[in-house]
Structures are given as C-alpha cells and as structure tokens.
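First the proteins, then the strands, lettered A, B, ... as listed; each starts at 1. Atoms considered below: every heavy atom in the structure, side chains included; atoms not considered: hydrogens, waters and symmetry mates.
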Amino acid sequence: MKKRPASKARHNGASRPAAGRNGQRPADQERRYRIPDWRLERPQFHVTQKRTEAGEVRYSFTGDLDLAPPPIRESGYLTREKSIELYRWMLLNRRMEQTLETLYKQSKVVGGVYFGLGQEACSCASALALGDGDWFAPMIRNQGALLVRGFHPRDVMMQYMAKADSPTHGKDGTSHYGDIAQRNMVSPISMLGDLIPILTGVALGARLQGRNIAALTWIGDGGQSTGVTHEGLNFAAVQKLGLVLIVENNLWAYSTPTEMQFAIEDLAERAIGYGVPGMIVDGTDACQVFDATLEAVQRAHRGEGPTLIEAKMMRMKGHAIHDAAGYVPPEMLEFWRKRDPIARFEKHLLGKKWLTPAQNRELIAEVERQVDEDRTLAEASPMPDPAQAPKGVYCDPGCHPITLKYGGVKPARRGGAKLKQSEAALHFR
Amino acid sequence: MPAVTYLEAIRLALWEEMERDPNVFCIGEDIGIYGGAFKVTDGFIDRFGAERVIDTPIAESAIVGAAYGASLTGLRPVAEFQFMDFIACAFNQIVNVLAKSHYRWGAPAPLVLRGPSGGGVHGGPFHSQNPEMWFVKTPGLKVVCPATPADAYGLMKSAIRDNNPVIFFEHKFLYRRIKEELPNGGGDFTVPLGRARQARAGRDLSVITYAAMVHVALEAAEALAAEGIEVEVLDLRTVLPLDREAIAETVRKTSRAIILHEDTLTGGLAGEIAAIINEEAFDWLDAPISRIAALDTPVPFSPPLEHAFLPKVEDVVREARRLRAW
Ligand SMILES: Cc1ncc(C[n+]2csc(CCOP(=O)(O)OP(=O)(O)O)c2C)c(N)n1
Ligand SMILES: [Mg+2]
C-alpha cells in the first residue's frame, strides 16, 4: 500500500513571532499556515445573482466545466476488505434513500425527506474511520453514517414514517435520534451548529474520565455561519478536545450559494483562526475522506485536539424532497454528476481488481434485498399510541440510570484546601 | 453551626456535592482562580483542580453545549452564568437541546445551569433581570428560585442530583444580605424540587411568591399583622414544575390571594398561578386575585427609577387591605 505523502498538517508556526526593530520579522519567525489540499483537481466556480433579460433575478454560473473527473486518490489506510465494506455502506446509503423517496411518493412518509445524494462518500467514509469507542452526531445528509455505526435502514425508515417502533417511538423524525448506551451517537437537532459544542463536551466528559476520544460531527457550508459553530470549535481548540469537524461544502445552503455565505475561498482556512489543523478533501472521493478523517481521529486519540476537514462536493438534489432546486444552474449538476462518489469508487475498486463485476452485481443485489426487507418491517410497524404523547418530558426516578461511560472521574490529586469564607463580591454589594 | 449567608449556603452545597461525587464539575467564565464574578466558586480550583473547575471562553452556547455533551457521558456538570441575563446567549441550547433531550430521544441531561439574577442592586437593564419565565414556558426544564440560605443549600443539592436540566436562579440581592443557621446541624440535607414552603402561616390572605419577594411579603405580613390582617406567605421555591397542591391549599384556606413577583407583569408567573387558582380553588375565593409585579419595562438603572420599577412592601400592604375589605 502506498503511504500518503505530506498528509501531516503543519500549523501555527508554533512560536509567536516578534517583530524586529525595523518592523520586519526574521524569516524563521514568520507565520506560515498551510492547509493541506488533497484534491487532484481544483475546479473554479462562481455563482452570482444576475437580472435576466426578462427582468427576473436568477443565479448565473461561470466555471471550468470541461475538467475530466480525476481518478480516486489511493488511500494510505484502506485495505481491500475495508474498501469493499465502505463501498457497500455507500450503496446501502443510496438505496435506502431511494426507498425513502418511494415511500414518500406513496404518501407513507410524515413530513419531508432529506437526501445525501452525491455525498455518500463524505458520510460513510468518515463514519467508518471512527474507532469503536468514538462518538458521532450526524447532520441530516449523513444518514449513511447511521448505517455505518450500526443502525438499520428500517430505523431511518420508521423515523420518517413516524412509527411506534422507530428509535424515538414517534417523538421525533428523520435522523433525529441517538444512542448513548451502545452506538455513542448524540441525537442531532435541527438548529445548525449546536452539535459542535455538544460533541466537544462529549470529548470533555470522556477526558475527565481518563479517555481521549474522537467526537465526529458535520456542518454545512451554510450551517458553519452560525455563531455556535464558532463557539464550539473555539472551545474545542482551547481545551484541545478531540472534535473532528467535517465541513460539508456542497455549494448550496437551501437556495443560497456559498458566495453569499462566506467571503473566503476555502472553509478549511477557518481552521487557521482557531489554531487547529485544517485540510481540504474531495468529498466525492471516499479514500480522501477516509484518510483525512482517520488522521483527525488519530490526533484526537493522541489528545492533540480538534481538526477541521472541508469536503468539497455538490448537493445533487433539492434541499429536501419538496424542493426541485430550480435555482441551481443545471451546468453545476452536470459537472458533478460526472463525479458521482459511488460510481467513482466502484470504478476504482473494479480497476484495482479488488472487486469483480460478478461480485459487484451480487453486492448490489444483496443491498437491495436488505433494504426491501427492512422496508417491509418498517411498514408493518404500528403508529404510536396517543397515550404516549404526555409521557417522558422528565427523566423521573427509575426511568433512566445515569451511566458513567468511562467509569467516572478519578478523584485523584485533590488539593488540601478547605472551604473558606469567600471574599466579598466585587459586583453590586 | 454558625449562620451562613445565602451565598455561603450555595458555596457549601456545591463544595459538598463535589466532595461527595467526583463526577460533579463546574464550568463557566472566570470561575477558577478568580472564583467567579460573585466568588461562588472561590477556592474551588485549589481543592478540585482545573479539571473540575473549568474556565471557558466567553461563549455561553459553548458552555451549555459542552456541559450537555459531558452529561451524556454520565457526568453532572454545573455551569455558571456570570449573570443570568447572559443566559439569553445560550437560549437555543437550553430550550431546544436540553429541554427536549429526554422526551425526544430518551437521553437524560443531568446538569445544572446556575447564576445570579434579580434586581435591587442598580445593575441596569443587563445585570438585573429575572428571566425565569423564558424557561418556565419550556417543557422539560426545571426552574428553581430559592429565597433563603437553607433552601438555596437544599435545592442546590437536589438540583445536582436530579437527572434533568435544572436552571438555578440565585438572587444576587440576597447573596450577602440574609443569613441563617442551616437545619440539620450542618449535616447534609436536601429540599425537594417542585415543592413550595409555607414561609408564614396566616388565615386572612395568601401571598404567593418566590425568591427575593418572599422577604418583601414577610415584611408586609409583619406590618399587616399589626392591623389585624393575618397573611400567609407561600414561597414557591421551584417555579417549574409548580406545586399546584400547595397553591390550591393556601387559597382554599384564606380565600384571598395576592401573587407577587419581581419579574415583569405581562407573561409573568402570576398569570399562570391565577389560572391554577381558577382551576383549583375558584369556589373558595372571596375576592379577586391580585397580581403585584415589576413594571412592564426593562430594568432601569438609576436608583429612583429602579425603585419605581420593583414591587415594594407598601404595594403588598395596599393590595392586602383592598382584598381584605372586598
Ligand atoms: C440555525 C438554523 N437556521 C435555519 C435553519 C433552517 N435550515 C435548515 S437546513 C438549511 C440550509 C443548510 O445548508 P447547509 O448548512 O449548507 O447544509 P446542506 O443542507 O447543504 O447540507 C437551513 C437554512 C436551521 N435548521 N438552523
Ligand atoms: Mg450546503
């Protein structure tokens, strides 16, 4: 296996540079920040608002559309077996979402459906890079991550159909559920960015109990504009907690292009402002996503703090199923269709002879079978009993034990100080 | 055991809980070496170390989010707001993440959010508010507003041991103004959440109140006793969940009710309590329910303005006489 060159991030130039007398810094004290960019291509796009001849304001697009899709970058870590596992998760991710679309069209879904089409590599490869003891919290496009971390397609389907046997028993929908006991998953909430300090806190809780864990979550190119994103990442950086933050730059936030969301070129550059490593990967290249996440996870396990990874890709459907995304210039979709993450990875595996066409067909059929079975089970689940609606607001005695995930804080190294009279407050006597 | 101030009682409860349970830790701004803006955690870092007394960036959403995350691993964080006015900066984490966590996905959030609230100290619009009603509206939270050192101590212990997110409003006017000997000879005790306390018994009229206004009510009761009006004072202690029983009981006993709070009138707790009285004790009422609350304005800064803003003893006396004569 080929080892990746230059994959280590170098940052912050370590020491604080002092300006010399003449105002110039000695060369060795200059700040040098570097964001490793693992992509093999750097397409240039620009989306602006323009008034058409008909007098309407629409998005107009300029960019380099003729670039041929690059090859998949060799992974430094993925074995044949692991690669096929990853490929299977991506297939399952897509197939499950296709089935969700069908269920929606049959009016069996309550509410909308969200898709991660075109983003399966980003969801699945990153989740697969986590260790067993690590934590994660998916955003809405990371339904593939749920599968990788041990949930079944039927769990997601039942959530969308608001069934009694869904993980939240109908209390919430979509991917909004979690599992503290086994799968180390924090339930997402709709408010974008909130998961970032929360996952940081999970890593804090683990560290207080003597464990350095990685805590993975994702944020969109739109969601990263929220204040809580800044608060969370900054806190993780200050405390050197093992947050792994993947910024999914899929070029659109609902109907808003990235040009109207931020004024820097690469969101990974934000890492510099927090003093943490940042890197850029092609989000449609499963190998790049896996390797970058794995290295971030390893950093977290070593107690070296958070990492920001920007994954570049494209949201290949509307915001949700109701949204036909007519505002997206069609050339953009055209360009990214040639970079379909599953097709690219499939070609890679076939090319390396890690997968034969016959095995591939078998794998696809097996995934379809699994989704069909799960769909049958999910549809058979009853709707919840209305008597459940008032229940569960509080955790009452006997309802849930509070379990220390890592054995609790070791009460070591207490000082001998005794509680004394506190000095007078300086505020408002 | 010598008498302790309201603030010392909180310190003591917090300290003892951290001694008792190594999984309790404090997180907040300037709480470590400095000991917090009001010195509630003064000296804690010397005893429990920087691991369990964590100074944070000025980022309230991060503090609450991180406390919640740590609670998911089984710990019991106690997060300090420098002033409860700044709880607004973490509003989303509290009402959308914490409050709904157990209902939505069965994840208990055993944590305490605490800090100084309340006026009477000339803190102005951003250091004097009583923001409890922002949260009383939100199912899934518990909201505590103690009025005495003993209750502050016992409720803090209950809050830390509770498996739900508890918002603990410490009234900063009371911090160093009131003192009492703790019951139980200095030994550990708790005060249950969700239970009111009869602060004074009386037969003629009930004043239902909480936090610093308990002391206003007691002072008014003393004055009214001289006129032969025996006032019962009910200290709610916990404002979410409310002790409906105790509210119904006192009104059924006295047949007259004043609801008094330092929070502003419109959307204040008095409206909710009036509705509970209507539901539970309407037939017993001999006079209309009276609400006494702060003006519907921001908390003004200048002392004469703030004085005009806050409910006063004479307001209670006046209303009591009016209801008595009804
Ligand atoms: C704080 C907040 N504001 C608004 C919304 C409504 N909303 C949901 S998704 C979305 C767009 C998100 O875009 P992006 O972060 O780029 O993620 P993507 O949908 O592209 O994966 C918006 C505006 C929200 N969920 N949270
Ligand atoms: Mg986006």
Distance in Å, A:Leu419 CG paired with B:Phe44 CZ, rounded so as to fall on 0.5 Å steps
6.0 Å
Closest heavy-atom contact between B:Arg104 and A:His176?
NH1-CB, 3.6 Å
Please report the closest heavy-atom contact between B:Trp105 and A:Tyr177, naming both atoms and the distance.
CB-CA, 4.3 Å
Using a heavy-atom cutoff of under 4.5 Å, enumerate the residues of [range] that contact chain B, numbered in order, or state 'none'.
range                       : answer
residues 182-195 of chain A : A:Met185, A:Val186, A:Ser187, A:Pro188, A:Ile189, A:Met191, A:Asp194
residues 208-220 of chain A : A:Leu208, A:Gln209
residues 154-174 of chain A : A:Thr168, A:Lys171, A:Asp172

Contacting moiety of [X], where chain A heavy atoms sit under 4.5 Å:
X        : answer
B:Ile45  : neither
B:Tyr175 : neither
B:Glu60  : backbone

Interface residue of largest heavy-atom contact number with chain A, from B:Asn163, B:Asp46, B:Asn164, under 4.5 Å:
B:Asn164
Which residue out of B:Ala62, B:Ser101, B:Pro241, B:Pro110 racks up the most heavy-atom pairs below 4.5 Å with chain A?
B:Ala62
Is the number of heavy atoms from other residues, nucleotides or ligands within 6.0 Å of CD1 (B:Ile58) greater than 12?
no
Greater than 12 external heavy atoms within 6.0 Å of B:Arg195's CZ
no
Does the B:His102 side chain pair with the main chain of A:Gly392, one donor and one acceptor, at a distance under 3.5 Å?
yes
Could you tell me which of [options] has the largest number of non-hydrogen atom pairs under 4.5 Å with chain B?
options                                : answer
A:Cys399, A:Pro401, A:Ala389           : A:Ala389
A:Gly408, A:Ala203, A:Gly178, A:Gly227 : A:Gly178
A:Gly201, A:Cys395, A:Ala206, A:Ala181 : A:Cys395
A:Ile196, A:Thr403, A:Val393, A:Val238 : A:Val393
A:Thr200, A:Leu204, A:Leu241           : A:Leu204

Note, [X] side chain near [Y] side chain (heavy atom, < 4.5 Å):
X        : Y        : result
A:Phe235 : B:Thr56  : yes
B:Gln93  : A:Pro197 : yes
A:Gln239 : B:Ile54  : yes
B:Asn23  : A:Ile402 : no

The test is side chain to side chain contact (heavy atoms under 4.5 Å, CB included); show your working for B:Lys142 and A:Tyr394 and say whether it passes.
CA-CA 9 Å; B:Lys142 294 188 179 182; A:Tyr394 288 124; 3.6 Å; yes
Among residues 65-77 of chain B, which ones touch chain A with a heavy-atom distance under 4.5 Å?
B:Gly65, B:Ala66, B:Tyr68, B:Gly69, B:Ala70, B:Leu72, B:Thr73, B:Gly74, B:Leu75, B:Arg76
